[in-house]
Structures are given as structure tokens and as C-alpha cells.
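So the structure is just underneath, and the comments pick up after that.
What you are looking at is a predicted structure, and each value in this text was computed from that prediction instead of being measured.
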Amino acid sequence: KLQFLYFIENMKRGDLSPLNKKPPLSSLAQGWGYTEPTSCMPLGEVLSDDATPTLLCNKRGKPKSQRRLPQDDFKKQQEDERKARAEESAKKQLAVLMRHEALQEEQQKNKENSAAEAHDKRQRQQVAFVQNQKREQVNQRLLLWMQTICVISPLFSLMSKRDTEQALYKLAVLCLPVIRVYIHKKRKAKRQQLLLKKHASSLERPSVSDLQELEFFDGWQTHMLSTVSETLLPVAFEKGECVCMEGDWGEYMYLFGSGHVDIYIRPPKVKSRASKDGFKVASIHPGGPKSVFGEFAVLCNEPRSATIIAGEDSTLWKLQKATVSKLLTMLRPKTYKDLIQKTDERRALNMNKLRPLKPSHLIESCSIFSKWPNDTLIALCTQFKPVVFRAGHRVIEQDEQGDALYILASGTVSVTSRDQ
């Protein structure tokens, strides 16, 4: 470009010198308004933003007017882009992890809900079975009432005065048990209110710290213990009064307030709430980690295994079965497993202590032992160990090598075969 401009200037002057003649840069630049740079910067050297524009030199050393980005800003721009890409990648990874955790929580929640629904379904089935039995008894009684009132009584009253008296007598016989039960419940409620008023000053509701000391609530969370403390109901019993009856379906478990209770075992086929109709096997006093009783019927949904009678005027706290069942579904799996295991161990110990195996039981269970000597049977009874199996547990598997003999103490078992 400089050679071309030089050639144009020479043509204006009338000088047609060859083009390869290099003019001085200063004379040409001054004629066209350029100033000669004092120094040429190497190609690629970086200027700051506030620096004045300066002619750059190319590889041949000639001036080159080219503005480049400062090197610090270029590095900063690359660093910002790299940070932005890293942040975007981190956000994507975080979103994936959050989706994965949410999916795992949802699956765990679904499993817990399924287990809770299955547990509730089993309980509802058992409760429905008991209710159906009670309903059948009530229906039979109502049928007797209807037969007496609607058929027998009107016909007899029309026949003679004597028949009318007989019909009224039958009606009174039917009404008397209902009236007695009603009067007994009213008196019992009144006595309990008087006892509660009497012991109101010394009766304190168990706190969360008190419940944490009990073995039954070991591992329970604080908010669950607060719910237990709020839902406890106070009850009172006089000396000799029955707290719960062997064979009844339990709806409550009890915590001690004051007094003590005695455990009685009744002979078979004896249904009486009096202490004289059974024999005392143990007593339970307040204090200590085992100040809870009646929990087997609530946890295992089974009838009471013994009769509890107040040894003196006692005040207790009762916890409803529905509340316990609801809180059990909220326990951690490990805590629930430990609770069930401890409960089974206590049931086995109680069975060995309260209902020990005797030679008569062996003879009744299996006729093979009927010809054995009594000393041998006594020695054999000491070799049996109590075990507890939950509903649905498989005790013996077909085609397996047997290494133990089982004698059924309570409950029922079903026997199935693959050939059938």
C-alpha cells in the first residue's frame, strides 16, 4: 500500500521512478497525516483497556494496525465460561440426585404404606372375626327374646292367667342378667371415680422421661412418647377387683400409678373373676423397667393369658389398643423388630414360669408317652424349651430332616401336604 501511494505521489510530480524504490516512511506518512511510531510492539503483545492505540508490527517488522483483546480479559472470560459450565453440570447432577432420592423415598413410603395396610387388614379381619362371634351370640339371645315376647308370651297370656305369669317369669329371667350387668357397671364406675378423687393428689401423668425408662418404650421417638403421655387414661381398682380376665380379648394395656397387682392362673374350663377360683403365680409392683402389663393381648391381638387382680387399692394408666397399633406403624423397622423379639422372649419366659410342662401334658399330647415311667417323663419335661411362633410362621417344612419335637401349648396350627 505504501509503494502504491508513493507511486501516485511521484506521478503527480512527474517522476516515474520504478516501484521497487522504497521511499522513506517519514516523508510519506507526514504527507498523508501519519506520524511515525516511536516503537513497534511485537505481534501478540497485550495492551490494557485504558492504553492508547499503537501501531503493531507483523512478522516482517512492518506496522500493523490491529486491536486485540487484552490477555487478562481473555483468560478471565475463559475462566467465567468454565465456571458457568461447571455450575451447570453441578446443577444437573444435583437435580438427578434429588430425583433419585425422591424416587427412593416414594418407594420406601409405598412399602411402609403397604405393610401398614396389610397389618391393618389383618387386625380388621381378626376384629371382624371376634365381632362376628359376639354378633352371633347377640342374635341368638335376640331370637330367644323374640320367641318369648312375640310368640310364647301372647299365646300363654290368652290361654290362662297362670300361663301369663309363666311368660312374665321367663321375661324377668331374661331381663335380670342385663339389669345386673348394668347395675354392676354403674357401681364400678362410681367406685373408680371415688378412688381417683382419693388418689388425685398423688396421681401424676407419666412424662416422656418416665416413659423412656420403661423397657417397652425403648427406642421410641420423643413425639411418639408425647402422644402416649397425652392419650393415657387414669383408672382405679379396689383390692380384690379384677383388672383383666384370662381368656378375654384385650383392648387396653396398663401402666402403674400406685399399688400392686397379682397374677392368677385359673384351672381349665373355669370362668370366674374371683381370686379364690385360681392360684396366684406372681405379683407386679410399680417401678423398674417392667411396670407395664397387658401388652401381649394388644401387640399379638390374642386373648388374655392370665387374670390380673388388684392386690390393694391401685391406680393405673390404660393405653388403648388402637393408639398402640397406630404408633407401631410409625416405628423404625429395627425398633419394631426389637420390640417384637423382646415380647416373644417374655412370652416364652412367662410360659415356662406360669405354665410349666408336666408329665400329664405329655401323655395327653401323645399316647406314646402313656407307657413311660413317671421319672422318665419328669426328666423329659425339663428338656423342653418354650418357643413362640407368630401367625403365618412355618414351623416344619415338608421333606426336611426333623431335629425337634413340638407340643402345642396354646393356639392352633394347620397341616398341609404338597401331595394333596
Side-chain angles (χ1 to χ4, degrees), residues 115-116 119-120 122-123 126 203-237 243-246 248-263 281-311 314-354 386-391:
H119 182 68
D120 294 341
R122 289 193 299 269
Q123 287 190 342
Q126 293 176 354
L203 187 63
E204 296 182 0
R205 182 176 294 274
S207 61
V208 175
S209 58
D210 296 334
L211 295 176
Q212 288 176 345
E213 296 177 359
L214 300 179
E215 184 180 1
F216 182 83
F217 298 106
D218 188 18
W220 287 41
Q221 299 178 5
T222 306
H223 70 278
M224 300 172 65
L225 295 178
S226 300
T227 304
V228 172
S229 178
E230 294 172 359
T231 54
L232 287 173
L233 300 175
V235 290
F237 297 93
V243 179
C244 57
M245 187 69 180
E246 181 182 354
D248 291 350
W249 290 90
E251 293 295 333
Y252 297 96
M253 58 178 291
Y254 297 91
L255 283 73
F256 266 108
S258 62
H260 76 277
V261 295
D262 299 326
I263 304 176
V281 293
S283 297
I284 306 178
H285 296 269
K290 295 183 179 180
S291 297
V292 178
F293 63 91
E295 73 277 14
F296 294 158
V298 174
L299 289 178
C300 307
N301 198 17
E302 62 183 17
R304 300 287 188 186
S305 58
T307 300
I308 306 295
I309 296 178
S314 304
T315 55
L316 305 173
W317 296 93
K318 65 180 182 179
L319 184 62
Q320 196 173 9
K321 179 180 179 180
T323 304
V324 178
S325 301
K326 183 178 179 180
L327 293 175
L328 288 178
T329 59
M330 302 168 59
L331 284 177
R332 299 187 182 94
K334 185 178 183 303
T335 306
Y336 179 76
K337 185 178 180 181
D338 294 341
L339 176 63
I340 296 300
Q341 184 178 359
K342 291 179 181 178
T343 303
D344 291 343
E345 290 176 356
R346 287 187 59 190
R347 291 175 68 190
L349 291 175
N350 290 345
M351 185 173 67
N352 194 23
K353 181 179 179 181
L354 305 180
V387 291
V388 178
F389 295 105
R390 292 275 169 175

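By the 30° and 60° cut-offs, the orientation of the rings of W220 relative to F216 is tilted.
The line from CD of E295 to CG of L255 is 9.5 Å long, rounded to the nearest 0.5 Å. Here the CG-CD distance, from D218 to E215, works out to 7.5 Å after rounding to the nearest 0.5 Å. In this structure, the separation between CG on L211 and CZ on R205 is 10.5 Å, given to the nearest 0.5 Å. How far CZ of F296 is from CZ of R346: 4.5 Å, rounded to the nearest 0.5 Å. Rounded to the nearest 0.5 angstrom, I340 CD1 and K337 NZ are separated by 12.0 Å. Interatomic distance, E204 CD to T315 OG1, rounded to the nearest 0.5 Å: 11.0 Å.
Judged by distance alone, the side chain of S283 and the main-chain N or O of D262 form no donor-acceptor pair under 3.5 Å. A donor-acceptor pair is defined here as one N or O able to donate and one able to accept, closer than 3.5 Å; such a pair exists between the side chain of T329 and the backbone of K326.
For Y252, the ring-ring contact (aromatic ring centres under 6.0 Å, His included) criterion is met by no residue, not counting sequence neighbours. Scored by the ring-ring contact (aromatic ring centres under 6.0 Å, His included) test, F237 finds no partners at all (sequence neighbours excluded).
Within the structure, side-chain hydrogen bond (donor to acceptor under 3.5 Å, both in side chains) contacts touching residues 223-236 (residues at least two apart or in different chains) are Q221-H223.
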Inset, instruction - Determine, stepwise, if the pair L233 / W317 fulfils side chain to side chain contact (heavy atoms under 4.5 Å, CB included). - result: CA-CA 5 Å; L233 300 175; W317 296 93; 5.8 Å; no

Inset, instruction - Tell me, with the steps shown, if L319 and V298 meet side chain to side chain contact (heavy atoms under 4.5 Å, CB included). - result: CA-CA 10 Å; L319 184 62; V298 174; over 6 Å; no

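The two residues L331 and M224 make their nearest non-hydrogen contact at CD2-CE, 3.4 Å. Contact between P206 and D210 at its shortest, heavy atoms only, is CA-OD2, 3.9 Å. The two residues L299 and T343 make their nearest non-hydrogen contact at CD1-OG1, 3.4 Å. Annotation for V292 and M253: closest pair CG1-CE, 3.2 Å, computed over non-hydrogen atoms. The heavy-atom pair separating A310 from V243 by the smallest distance is N-CG2, 4.2 Å. The nearest pair of heavy atoms linking S314 to G259 is OG-CA, 3.6 Å.
Environment of CZ in R332: sparse, with no more than 12 heavy atoms of neighbouring residues, nucleotides or ligands closer than 6.0 Å.
A salt bridge is defined here as a Lys NZ or Arg NE, NH1 or NH2 lying under 4.0 Å from an Asp or Glu carboxylate O, and K342 with D338 fails to meet this definition.
Between L316 and F293, the closest side-chain pair of non-hydrogen atoms falls below 4.5 Å.
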